[in-house]
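Notes follow once the structure below has been shown.
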Amino acid sequence: GAAFRTVINLWPYMWPSDRRDLKLRVVAALAALVATKVVTMMVPYAFKWATDALTTVTGHGHGATHAVASSGWTILAIGSPVLFVVLYGVARILMVLFAQARDGLFARVAMNAVRRLADRTFRHMHLLSLRFHLERKTGGLSRIIERGTKGIETIVRMAMLTVIPTIVELVFVFGVLA
């Protein structure tokens with residue numbers, strides 16, 4: 001309803017038609033977002049693969065363990081689970097790096113949107129009649145405008161950094177479950 005309309009009204013500020021550099025930042029931030037979610041989905045698989053590697057090596061009875069130890073597969077038997085645990089650690093680091101890259105890339109876009117909206121509000125306020133300013137408390141109005149710009153910044157950040165990532169993650173989870 002109203003939240004969706006607000007995001008639609010803010011879209012031209014998040015995707016400014018006159019700023020190719022900001023559009024590229026949005027695309028790069030979305031790519032970092034997808035990369036973060038792909039890595040997030042891979043983390044449980046790293047644990048699964050490590051567990052599978054352990055059960056493959058030790059799951060065939062005492063004779064199989066002895067054969068593995070004597071045949072030179074010992075390095076593989078120990079290395080496979082360790083490799084997948086290291087893969088888990090690397091995946092966790094990549095999740096944080098991609099998330100930070102997304103936030104850093106999108107910060108300039110969000111600040112541009114807030115700056116343009118604040119400028120638009122400032123210009124509109126100064127075009128109002130003198131009677132309006134004499135009848136109203138303009139100082140109180142500036143506080144309201146400041147709260148509004150902070151609210152817009154929150155909406156822009158929530159849309160890009162919370163709502164869209166959640167939707168992408170849900171799509172990935174449904175894909176894995178399917």
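None of the values given here were measured: they were computed from a predicted structure.
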Considering residues, nucleotides and ligands other than Arg108, do more than 12 of their heavy atoms fall under 6.0 Å from its CZ?
no

Do Val86 and Val39 share a hydrophobic cluster (ILVMFWY, side-chain heavy atoms under 4.5 Å, transitive)?
yes

Trp15 vs Trp11 aromatic rings, parallel, tilted or perpendicular, using cut-offs 30° and 60°?
parallel

Rounded to the nearest 0.5 Å, how far apart are CZ of Phe172 and CE of Met41?
8.0 Å

Co-membership, hydrophobic cluster, residues Leu33 and Leu105, 4.5 Å side-chain:
no

Distance col, row Thr166:OG1 vs Lys37:NZ, nearest 0.5 angstrom, shows 6.5 Å

OG1 of Thr36 to CG of Asp103: how many Å apart, nearest 0.5 Å?
8.5 Å

To the nearest 0.5 angstrom, please state how far the CD1 atom of Ile145 sits from the CZ atom of Arg147.
12.0 Å

Taking the side chain as every heavy atom from C-beta outward, state whether Asn112 and Pro16 have any pair of such atoms under 4.5 Å apart.
yes

Measure the spacing between OG1 of Thr149 and CZ of Arg120 and express it to the nearest 0.5 Å.
14.0 Å

Applying the 4.5 Å side-chain criterion to the ILVMFWY set and letting contacts propagate, would Val38 and Phe174 be lumped into a single cluster?
no

Could you walk me through whether Asp21 and Arg25 pass the salt bridge (charged side-chain N to carboxylate O under 4.0 Å, His left out) check?
CA-CA 6 Å; Asp21 62 320; Arg25 282 182 168 272; 5.6 Å; no

Are Val109 and Val27 connected in a single hydrophobic cluster, I mean Ile/Leu/Val/Met/Phe/Trp/Tyr linked by side-chain heavy atoms less than 4.5 Å apart?
yes

Do Val96 and Tyr88 share a hydrophobic cluster, counting only Ile, Leu, Val, Met, Phe, Trp and Tyr and linking them when any side-chain heavy atoms are less than 4.5 Å apart?
no

So which atom in Ala29 and which in Phe106 form the shortest heavy-atom distance, rounded to 0.1 Å?
CB-CB, 4.2 Å

Distance-minimising heavy-atom pair for Pro12 and Arg116:
O-NH1, 4.1 Å

Calculate, to the nearest 0.5 Å, the distance between atoms CG and CZ belonging to Leu127 and Phe122 respectively.
10.5 Å

